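What you are looking at is a predicted structure, and each value in this text was computed from that prediction instead of being measured.
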Amino acid sequence: MSTVPMTKLGPSPVTEYLRRVVADLREVEGGAVNTSIPELANADPSTVGIAVATVDGALYQAGDTKQEFSIQSISKAFTYAQALTDRGVEGVFEKIDVEPSGDAFNEISLQPDTGRPSNPMINAGAIASTSLVRNTSHGSRMERILRLYSRCAGRQLRINKTVQAQERRAGDRNRALGWLLTSRGIIEGDPTRALEDYFSQCAVMLNCVDLARMGATLAAGGRNPVTGERVLEPPVVSDVLSVMSTCGMYDDAGRWALRVGLPAKSGVSGGVVAVLPGQLAVAVFSPPLDRHGNSVRGVAACERLTKDLDLHFARTERNGHSTVRAEYTLAEAPSLVRRNEAATEVLEEHGEDARIIELQGDLRFAGAETAVRTVREAARQSRYVLVDIRQVDDMARFVIPMLGRAAEQVENTGHHVVLIAEKGNEHAGQLEHPMPVFTTRAEALTWAEDRILEEFGGGECTPDKVASTRSELLSTMDEEDVRRIRAHTEPVSWDAGATVLRAGQKFNGVFMVTSGRVEVSRRSPQGDRVELEIIGPGMSFGEIAMGTGLRHLVSFTALSDVTAQRLSPEAIAQIEEEDPRLALRWWRAVGQQAMLRIEERWRQRAGETHTAG
C-alpha cells in the first residue's frame, strides 16, 4: 500500500477558500478601531484572520489567526453560560431578561417594571451575569470564569493586566450601570467586586483559533471537540445560543439574522464568533468597527461564508445521518469481475490500494468538509479513492468543485480520485478538473482493479484475449483432454451492448470467453436490474444452466465486443456418447469450477454485508 504525507497534498480546499476570502477582505475599507482604551486604539487596522473549527475537531485558518486580542464583549456569552450553570435558568431569568433591546451595547437602560436588563449581551446584562457567577471553594468568581474560557478554548488563557487596568480607568459608564443594577436589586450589595471581575473578563487574551474552538464547543453542545471534555451541559448551551441569535449583534441583530442566520457574538476589539449548532464555528478578527460596534470585515466575512457555503440556519443539511455512509477497501469488497488465479493473488496482496467512500444525506458545507477531509485522508493510505455520491439527497453548488479540487491535489501526488454518480447527475457536470465518472460501483471497482493489475501484475492478469484452451473451466484437465474438448467447440461473437442470453432462455451451450467482457445480471422482485458479476477473457458462462432445469436463471450482456468458444448441447452429448471417460472428467471440471464460483460469490456477499454494517 502506498502512503502519501498530508503535506504533499497541499492545503485543504477549505483552507484555500479561506485564503481567498482573507485576500478579498483586505480590500474592504470602512469602519474605525475602537478608541475607548489605548490598547484598542493602537490596534493595526489591516489585521484580518479567519478560523473555522468543526465539531469533530478539524480546524481551518487563514490570515492573521495567531494575532492575540482581548475578548471584550464576546466574553458575555460564556459568562452567561457560567451564570446559568451556577444559578439555573430561572435563577438567572429573575435578574436578566432575554429580549432584544434594539439599543447600543452600552446603553444605560433597565426595564421600568422589573429593573432587569433586557438581555445578557448588553453591558448592563453582562455585568449582572458576572455578579451571578459564584465564588466557591474551587475558585473565586474570576478564576472560575477564566477556567471556563480556557476549557472551551482547549488551552490556558490569560488576563492582560494592561488591558485590565485600562478597562478599569475607562469604566465609569459601566460603574454607573453597576450601581443602577444595585439600586433595583439586580445586584445585591456593593457592585464593585462584580465590576472588577467584569473588567477582568473583558481583558482575557485569545486569538482567532482559540475563539473558533470556543465557538465549536458551543456548536458541539458543550463538549470541547479537541479535548473531549464536557465543559457545559446541553441545556445551558441551548439557552446561550438562543440569546446569541436574537441579541448577540446588538442593534444590528435583525439584519444579521437575515444575512447570516447564525448565533453570534462580537467584541469591540474586532472579534466575531458565529456558531452553526451541531456542525462548526467561525471566528474572525479585524479591528475596524461599524457604527453598531461590530467588526466591518468580520460581518463581511460571515456574510460571504454564509452565501458561498450555505451556512444560514434555514439552508443547512438535515442531521438525520452522517455524511460518510461507509468506507472500505477493495480487499473488503472486490468488484464483480471474475478474475483468474494470477489476478486474484495480485488483488489480494494490493487490495488496500483502493478505497471506496460512500456519501449520503444532504451535503452543505459541513458535509462537504467532512467528505473532502475523508477523501484526503483516504488518498494518503490508498492509491485509488472511489467516491460514491449516489445516496446523496441534495448537494450545494460548491461541493463538486470542492471535491474536484481535492482530486486535483491527489492527482499531483500520483494517486487518483474517481466519482460514482447516477447517469445524468447534474452535479457531475460541474467538475472543472477532469475526473473519471462511473455510473455504477461495479464499473469503478473494475477500473481500480485493472489499474492495480496493470501496475503489479503481468499480462496473464489482465489479458485482452486468451486462447480458448486457457479457459479456467479447463484448467484442471490435462493438455490432451483440453485439445479433445476444444475440437468440439465453435467460435461465436457479439457486439457491445448485445444481449447474449436472457433469464429463462433454454440452455444452449457453455461459452468460454476469449476476448471482451460479459455482464451477468438479474431482476429484483421490484423489477430493478441487479449486477451480479462480470466475466472476462479466460472465464466461462452457461454451465450453471445445465443443473437448473436447462434454463438460464440470469441474463448475460456484452459490455464490449466479445468473442468466445461455444460447446453446444449437441457437442456435449456427442462427447458423452463417444468418450464417457472424457465426459466424466469434463463434468468433474465443471463441478469444481462451479464450487469455486459459489465460494467466491459467498466471499463477495460477506464483504458487501461487512461494508453495509
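Interatomic distance, Asn174 CG to Cys202 SG, rounded to the nearest 0.5 Å: 7.5 Å. Going from atom CD1 of Ile159 over to atom CE of Met142 covers 4.0 Å, rounded to the nearest 0.5 Å. Here the OG1-CZ distance, from Thr114 to Phe93, works out to 8.5 Å after rounding to the nearest 0.5 Å. For the atom pair Leu157 CG and Met205 CE, the distance stands at 10.5 Å (nearest 0.5 Å). The structure places CG of Leu276 at 12.5 Å from CG of Leu218, a figure rounded to the nearest 0.5 Å. Atom CG of Asp210 and atom CZ of Phe285 lie 12.5 Å apart (nearest 0.5 Å).
Between Arg397 and Asp310 there is a salt bridge, since at least one side-chain N of the basic residue sits less than 4.0 Å from a carboxylate O of the acidic one. Ion pairing of Arg19 with Glu16 is absent here, as no side-chain N (NZ or NE/NH1/NH2) approaches a carboxylate O to less than 4.0 Å. With respect to the salt-bridge test (charged N to carboxylate O, under 4.0 angstrom), the residues Arg26 and Asp64 qualify. Salt bridge absent: Arg20 and Asp24 never bring a charged side-chain N and a carboxylate O closer than 4.0 Å.
Remark: the backbone N or O of Arg380 is not paired with any side-chain donor or acceptor of His415 at under 3.5 angstrom. A donor-acceptor distance shorter than 3.5 angstrom exists from the side chain of Asn135 to the backbone of Arg141, with no hydrogens or angles considered. Without hydrogens or angle criteria, Thr65 side chain to Ala51 main chain gives no donor-acceptor distance under 3.5 Å. In this structure, the side chain of Asp86 engages the main chain of Arg134 through a donor-acceptor pair within 3.5 Å. Put simply, the side chain of Arg223 gets close to the backbone of Gly228: a donor and an acceptor are under 3.5 Å apart. A distance-only check finds no donor-acceptor pair linking the side chain of Asp388 to the backbone of Ile357 [under 3.5 Å]. Side-chain atoms of Lys95 come within 3.5 Å of backbone atoms of Gly185 as a donor-acceptor pair (strictly under, hydrogens ignored). Between the Asn224 side chain and the Arg151 main chain, a donor and an acceptor come within less than 3.5 Å of each other. Under a 3.5 Å cut-off, the side chain of Arg87 and the backbone N or O of Leu132 do form a donor-acceptor pair. No donor-acceptor distance shorter than 3.5 angstrom exists from the side chain of Arg259 to the backbone of Glu303, with no hydrogens or angles considered.
In the model, Thr130 has a side-chain atom that pairs as donor or acceptor with a side-chain atom of Gln201 under 3.5 Å. Side-chain N/O atoms of Glu196 and Gln164 include no donor and acceptor closer than 3.5 Å.
Enclosure of atom CD in Glu188 is not indicated, since only 12 or fewer non-hydrogen atoms of other residues, nucleotides or ligands lie within 6.0 angstrom. Residue-environment remark: CZ (Arg184) exceeds the threshold of 12 foreign heavy atoms within 6.0 Å.
Between Ala407 and Val417, the closest heavy-atom pair is CB-CB, 3.8 Å. The two atoms that bring Ala194 and Ser131 nearest to each other are CB-CB, 3.8 Å, heavy atoms only. Taking all atoms of both residues into account, the shortest heavy-atom contact from Pro117 to Gln111 is O-NE2, 4.4 Å. The two residues Arg213 and Gly57 come nearest to each other via the heavy atoms NH1-O, 3.3 Å. Contact detail for Ala170 and Ser36: the closest heavy-atom pair is CB-O, 3.7 Å. Taking every heavy atom of both residues into account, Asp308 and Phe398 meet most closely at O-CD2, 2.9 Å.
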- Message: Applying side-chain contact (heavy atoms from CB on, under 4.5 Å) to Leu262 and Val275, what does each step give before you reach the verdict?
- Response: CA-CA 6 Å; Leu262 299 176; Val275 178; over 6 Å; no
- Item | Test log, rule side-chain contact (heavy atoms from CB on, under 4.5 Å), inputs Val240 and Leu84 | CA-CA 9 Å; Val240 171; Leu84 288 169; 4.0 Å; yes
- Item | Worked verdict on Glu27 versus Arg297 for side-chain contact (heavy atoms from CB on, under 4.5 Å) | CA-CA 10 Å; Glu27 304 300 318; Arg297 295 192 185 103; over 6 Å; no
- Message: As a quick check of understanding, evaluate salt bridge (charged side-chain N to carboxylate O under 4.0 Å, His left out) for Arg147 and Glu143, giving each step before the final call.
- Response: CA-CA 6 Å; Arg147 188 182 306 145; Glu143 287 173 339; 5.1 Å; no
- Step by step, work out the side-chain contact (heavy atoms from CB on, under 4.5 Å) result for Phe365 and Thr370. CA-CA 9 Å; Phe365 174 72; Thr370 299; over 6 Å; no
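When the options Met121, Met249, Lys76 are evaluated for a side-chain contact (heavy atoms from CB on, under 4.5 Å) with Met244, the one that passes is Met121. Checked options Ile127, Leu177, Thr79; the residue passing with Tyr198 is Ile127 (criterion: side-chain contact (heavy atoms from CB on, under 4.5 Å)).
Side chains of Val299 and His292 form no contact here, defined as non-hydrogen atoms less than 4.5 Å apart. Counting heavy atoms from C-beta on, the side chains of Val399 and Ile389 never come closer than 4.5 Å. You'll find the side chain of Leu211 reaches within 4.5 Å of the side chain of Phe69, heavy atoms only. Counting heavy atoms from C-beta on, the side chains of Lys66 and Gln61 come closer than 4.5 Å. Two residues are said to be in side-chain contact when any heavy atoms from C-beta on lie closer than 4.5 Å; Leu359 and Thr374 fail this criterion. The shortest side-chain heavy-atom distance between Val296 and Glu29 does not fall under the 4.5 Å cut-off. The shortest side-chain heavy-atom distance between Leu305 and Tyr17 falls under the 4.5 Å cut-off. Using a 4.5 Å cut-off on side-chain heavy atoms (C-beta onward), Arg364 and Asp394 make contact.
A search for salt bridge (Lys or Arg N to Asp or Glu O under 4.0 Å) contacts involving Asp97 returns Arg116, not counting sequence neighbours.
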